[in-house]
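These notes are about the structure you will find just below.
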Amino acid sequence: MKKLLILSLSLFSLSQLKAQEGLTFLTVKGGMAYQDAMTGTVGLDFTTRYHNAVEISLTYYKADDRAYDNVLCGLFYKPLLIRSRNSVLKFRMGTHIGTDNSEFVISALGGLEFLQSLAPGVDLVLSNNSGYYFFAHNHWRVSGEVGIRFSF
């Protein structure tokens, strides 16, 4: 827990960086993964041209039925699929790199992200990840997360 707090504070301190186009967002989300596991993510979204985005994130994965967890750093490119006045649907493609209790873990991921504007600078985030994790105990993972993101 202490490591997660330190890493999230370091990500927050990097928030002073601004993307060339648009805003920078701090995202906090959590959810469930297939086969009794939980995930939590803290990330920074950098908006690029044409409402696309790049995300740098830190994800914690914990399996409920045994003492197995992962700490993963992620890099995602999120091109825009559909945009309306208050909603956005993006495709997520990227990778996680990190560790479990004993080994190095790397993954190839894809998924969707839905954003709904709640107030100026505040969005509801619904996202999922699906992918293959190399060198992990459970190779195929599908997860869904709900959270909120703030612009600054």
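If you read the sequence from its start, that first residue is 1, and numbering goes on from there. These values consider heavy atoms only, across backbone and side chains, with no hydrogens, waters or symmetry-generated copies.
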Item to check | Over all atoms of both residues, closest heavy-atom pair of Gly131 and Leu109 | outcome: CA-CD2, 3.6 Å
Next on the checklist: Please find the pair of heavy atoms, one from Thr39 and one from Ser143, that lie closest to each other, and give the distance.
Outcome noted: CG2-CB, 4.4 Å
Next on the checklist: Would the distance check show the side chain of Thr24 and the main-chain N or O of Phe46 forming a donor-acceptor pair, the cut-off being under 3.5 Å?
Outcome noted: no
Item to check | Residue pair Asp100, Tyr61: steps toward the side chain to side chain contact (heavy atoms under 4.5 Å, CB included) verdict | outcome: CA-CA 9 Å; Asp100 63 4; Tyr61 172 88; over 6 Å; no
Checklist outcome for this item: Distance col, row Ser57:OG vs Asn129:CG, nearest 0.5 angstrom, shows 8.0 Å
Checklist entry - Knowing that exactly one of Phe134, Tyr132, Tyr34 qualifies, which makes a ring pair (Phe, Tyr, Trp, His ring centres under 6.0 Å) with His139? => result Tyr132
Next on the checklist: Between Leu75 and Leu26, is there shared hydrophobic-cluster membership here, with clusters defined by ILVMFWY side-chain heavy atoms closer than 4.5 Å?
Outcome noted: yes
Item to check | Heavy-atom side-chain contact between Val71 and Leu58 under 4.5 Å | outcome: yes
Checklist entry - Are Leu118 and Phe114 connected in a single hydrophobic cluster, I mean Ile/Leu/Val/Met/Phe/Trp/Tyr linked by side-chain heavy atoms less than 4.5 Å apart? => result yes
Next on the checklist: Could you report the tightest heavy-atom contact between Leu124 and Gly147, atom names first, then the distance?
Outcome noted: CD1-O, 3.4 Å
Item to check | Closest approach of Thr99 to Leu72 (non-hydrogen atoms, all atoms of both residues) | outcome: N-CD2, 4.4 Å
Checklist entry - Does the side chain of Thr41 pick up a donor-acceptor pair with the side chain of Thr59 at under 3.5 Å? => result yes
Next on the checklist: Grouping I, L, V, M, F, W and Y whenever their side-chain heavy atoms are under 4.5 Å apart, do Leu126 and Leu80 come out in a common cluster?
Outcome noted: no
Checklist entry - Are any of the side-chain nitrogens in Asp69 or Lys62 under 4.0 Å away from the carboxylate oxygens of its partner? => result no
Next on the checklist: Tell me whether Met38 at atom CE has more than 12 heavy atoms from other residues, nucleotides or ligands lying less than 6.0 Å away.
Outcome noted: no
Checklist entry - When clusters are formed by joining ILVMFWY residues with side-chain heavy atoms under 4.5 Å apart, either directly or through shared neighbours, do Ile106 and Met93 land in the same one? => result no
Checklist entry - Atom CG of Leu115 and atom CG of Asn86: how far apart are they, to the nearest 0.5 Å? => result 11.5 Å
Checklist outcome for this item: Closest heavy-atom pair, Ala63 versus Ala37, reported as atoms and distance to 0.1 Å, is CA-CB, 4.0 Å
Item to check | Interatomic spacing from CG in Leu89 to CG in Leu81 - rounded to 0.5 Å | outcome: 5.0 Å
Item to check | Contact check, side chains of Val88 and Ile82, non-hydrogen atoms, under 4.5 Å | outcome: no
Checklist entry - For the atom pair CG (Asn52) and OH (Tyr77), what is the distance rounded to the nearest 0.5 Å? => result 3.5 Å
Checklist entry - Checking side chain to side chain contact (heavy atoms under 4.5 Å, CB included) for the pair Asp45/Lys90: CA distance, chi angles, key distance, verdict? => result CA-CA 12 Å; Asp45 277 2; Lys90 295 181 180 183; 5.7 Å; no
Item to check | Contact list for residues 88-109, test ring pair (Phe, Tyr, Trp, His ring centres under 6.0 Å), sequence neighbours left out | outcome: Phe76-His96
Next on the checklist: Rounded to the nearest 0.5 Å, what separates atom CZ in Phe135 from atom OG in Ser102?
Outcome noted: 12.5 Å
Checklist entry - Can you find a heavy atom in the side chain of Glu113 that is under 4.5 Å from one in the side chain of Glu145? => result no
Checklist entry - Under 4.5 Å between any side-chain heavy atoms of Tyr68 and Asn138, yes or no? => result yes
Item to check | Shared hydrophobic cluster for Phe152 and Val28 (ILVMFWY, side-chain gaps under 4.5 Å) | outcome: no
Checklist entry - So, for Ser130 and Val142, which heavy atoms are closest and what is the spacing to 0.1 Å? => result OG-CG1, 3.9 Å
Checklist outcome for this item: The single option from Arg92, Lys29, Glu55 that satisfies side chain to side chain donor-acceptor pair (under 3.5 Å) with Ser127 is Lys29
Next on the checklist: side chain to side chain contact (heavy atoms under 4.5 Å, CB included), that's the test. Do Lys78 and Val54 meet it? Break it down for me.
Outcome noted: CA-CA 6 Å; Lys78 302 189 296 189; Val54 174; over 6 Å; no
Checklist entry - For the atom pair OH (Tyr50) and CZ (Arg83), what is the distance rounded to the nearest 0.5 Å? => result 13.0 Å
